[in-house]
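These numbers come from a predicted model, not from an experiment.
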Amino acid sequence: ILPHPGRFGLWQLVAWDQRRVREHYDQAWLVGTVLLAGLTLGSGLFISHRVRQALRIAEQRVSFVNCVSHELRTPLTNILLNTDLAAEAASGPVRKRLALIAEETRRLDRLIGNILTFARRDKGQELIETSPVNVRPLAERALETAAASLKRAGITARLSIPADLWLKGNADAVTQILGNLISNVEKYAASGGRLEIRAGEEAGWVVIEVADGGPGIAMEHSARIFRPFERLDVSTSAGGSGLGLGLAIARDLAERQGGSLKLRTPEGSGGGATLTLRLPAAEPAIEMIPFPASRAS
């Protein structure tokens with residue numbers, strides 16, 4: 001509406017136009033978009049189904065490994081017990097063969113223990129109960145278990161740990177860590193002919209070092225050696241056997257106790273390697289002596 005003043009007054013000029021709105025969709029683009037959306041949705045559903053299926057299969061495999069490992073533990077313990085009893089009564093070559101059977105049985109038991117530990121870690125069982133633990137008896141036990149293997153490999157072991165050194169950790173887990181580190185030296189650093197386990201306390205931490213005289217580990221492999229199923233394709237792994245789980249499990253157990261495991265001296269050829277385990281220090285455990293109930297007490 002437009003006002004139009006004139007001689008005879010104010011006129012209003014009214015104008016209008018009729019508009020018709022039309023929407024047109026390109027059929028080719030519309031069909032293509034619908035097909036693309038359907039393909040994306042279908043792919044997402046298919047991938048989600050395959051992922052769930054893979055997770056279910058993986059969980060079944062872990063469950064199977066746990067069951068089989070637990071079932072193997074009992075006969076292995078019986079074999080080891082009876083072998084030790086038979087070795088005490090035997091003499092000469094028979095005792096030597098029985099000692100070899102016992103050694104291989106212990107090796108198999110350690111392998112099963114590593115598999116169980118790795119399976120539990122994948123299932124998220126990360127809590128480890130800790131308490132004051134004396135370090136030297138654990139190291140002596142680990143060396144005693146591997147004594148026959150080290151002797152056969154020509155490795156001389158040396159232990160330098162104070163008798164009153166205590167850490168806050170889990171005795172079984174620390175023993176397994178030391179066993180894996182010793183086994184690693186036996187497999188990959190036997191050419192050095194020596195193994196040294198030393199420990200001390202530094203600023204509230206117990207530092208345990210496992211050193212060898214083997215070919216050493218290059219700096220670029222210092223992180224790779226702690227990955228599961230990882231073995232170096234260099235001279236340090238030539239002729240070695242194993243699943244590549246030892247160091248990965250050892251580091252995982254150390255971290256679950258509030259500590260760490262690192263390669264302290266990744267030196268070059270001929271320099272050897274030193275693996276450093278750090279765990280919180282602890283005060284010596286108080287031994288409780290039971291007092292017999294009596295009228296005097």
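- Residues Val135 and Trp166 are not in side-chain contact: their nearest non-hydrogen atoms beyond the backbone lie 4.5 Å or more apart.
- Glu186 places no side-chain N or O within donor-acceptor distance of the main-chain N or O of Ile182, the cut-off being under 3.5 Å.
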Just do the side chain to side chain contact (heavy atoms under 4.5 Å, CB included) check on Arg278 and Lys262 with the steps written out, would you?
-> CA-CA 9 Å; Arg278 295 174 63 90; Lys262 297 181 180 179; over 6 Å; no
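- In this structure, Ser48 contributes its side chain and Gly44 its backbone to no donor-acceptor pair below 3.5 Å.
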Should Arg141 and Thr145 be marked as a side-chain hydrogen bond (donor to acceptor under 3.5 Å, both in side chains) after you check the CA-CA gap, both sets of side-chain angles, and the distance that decides it?
-> CA-CA 6 Å; Arg141 187 191 312 167; Thr145 303; over 6 Å; no
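- In this structure, the separation between CD1 on Ile249 and CZ on Arg251 is 13.5 Å, given to the nearest 0.5 Å.
- Annotation: Gln53, atom CD; neighbour count of heavy atoms from other residues, nucleotides and ligands within 6.0 Å is above 12.
- Side-chain contact between Val133 and Leu138: present, with at least one pair of heavy atoms (C-beta onward) separated by less than 4.5 Å.
- Looking at Asp252, its side chain never comes within 3.5 Å of a backbone N or O of Ala248 through a donor-acceptor pair.
- Within a 6.0 Å radius of CZ in Arg95, other residues, nucleotides and ligands contribute more than 12 heavy atoms.
- Counting only distance, with no hydrogens or angles, the side chain of Asn134 and the backbone of Ala163 share a donor-acceptor pair below 3.5 Å.
- Panel note: side chain Ser183, backbone Gly179; no donor-acceptor pair is recorded below 3.5 Å.
- Taking CG of Leu247 as the reference point, atom CG of Asn184 lies at 4.0 Å (rounded to 0.5 Å).
- How far CD of Glu209 is from OG1 of Thr276: 4.5 Å, rounded to the nearest 0.5 Å.
- For Asn170 (side chain) and Glu129 (main-chain N/O), a donor-acceptor pair under 3.5 Å exists by modelled atom type.
- By the neighbour-count criterion of 12 heavy atoms within 6.0 Å, atom CZ of Arg97 is sparsely surrounded, having that number or fewer from other residues, nucleotides or ligands.
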For side chain to side chain contact (heavy atoms under 4.5 Å, CB included), just list the numbers for Thr274 and Arg198, CA-CA rounded to whole Å, side-chain angles, deciding distance to a tenth of an Å, and then say yes or no.
-> CA-CA 10 Å; Thr274 302; Arg198 50 183 181 262; 4.1 Å; yes
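- Distance check: Glu196 CD to Ser160 OG gives 5.0 Å after rounding to the nearest 0.5 Å.
- Put simply, the side chain of Pro132 does not reach to within 4.5 Å of the side chain of Pro284, judged on heavy atoms.
- Residues Val210 and Leu277 are not in side-chain contact: their nearest non-hydrogen atoms beyond the backbone lie 4.5 Å or more apart.
- Between the side chain of Arg136 and the backbone N or O of Ile161, at least one donor-acceptor pair lies under 3.5 Å.
- Here the straight-line distance linking atom CG of Leu150 with atom OG1 of Thr156 works out to 9.0 Å at 0.5 Å rounding.
- Residue Ile225 holds its CD1 atom at 5.5 Å from CG of Leu275, rounded to the nearest 0.5 Å.
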